[in-house]
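Reviewing the structure listed below.
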Amino acid sequence: MNETLKSLHDRFYPPLPLAEYEQEVETCHHQLIERLEKPERKLVLRIIDAKDKIAEAQSLDSFLCGFHLAWRLARSVVTSYKS
């Protein structure tokens, strides 16, 4: 069931317009390249990747929780309507 909901999320959840933040990330990335040695850059990029994965997981979890809530509310309305 969660795979179906993940497919719905991927299909219907519009990405937020984040061009300004993406540009800031790119600018900071270039500054890191200039200022840090390769091992430190890799470490910072690993942190950023991990935070991106957390944000993605939270977005999907939020969508799933909202869907389950809507499903329970719909079932509750139908059940009370039949009574």
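Quick note: residue numbers are just sequence positions, from 1.
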| Are any of the side-chain heavy atoms of Lys38 and Lys42 separated by less than 4.5 Å? | yes
| field | Linked hydrophobic residues, Leu32 as query - side chain contacts closer than 4.5 Å | value | Leu36, Val44, Leu45, Ile48
| Main-chain N/O of Ala55 paired with Ser59 side-chain donor or acceptor, under 3.5 Å | no
| said: Please list all pairs meeting side-chain hydrogen bond (donor to acceptor under 3.5 Å, both in side chains) that have one or both residues in residues 44-55, counting only residues at least two apart or in different chains. | reply: none
| Atom pair CD1 (Ile33) and CD (Gln31), whose distance is rounded to the nearest 0.5 Å | 10.5 Å
| query | Is there any ring-ring contact (aromatic ring centres under 6.0 Å, His included) pair reaching into residues 29-63, and which pairs are they, with sequence neighbours excluded? | reply | His9-Phe63
| task | Please confirm whether the backbone N or O of Gln23 pairs with a side-chain atom of Thr27, one donor and one acceptor, at under 3.5 Å? | result | yes
| Using links of under 4.5 Å between side-chain heavy atoms of ILVMFWY residues, direct or through other members, which residues join Val25 in one cluster? | none
| message | Are there over 12 heavy-atom neighbours, none belonging to Glu40, within less than 6.0 Å of that residue's CD? | response | yes
| With sequence neighbours excluded, residues passing side chain to side chain contact (heavy atoms under 4.5 Å, CB included) with Leu69 | Arg72, Leu73
| field | Flag side-chain contact, heavy atom, 4.5 Å: Phe67 against Leu64 | value | no
| field | Qualifying salt bridge (Lys or Arg N to Asp or Glu O under 4.0 Å) pairs with a residue from residues 7-16, counting only residues at least two apart or across chains | value | Lys6-Asp10
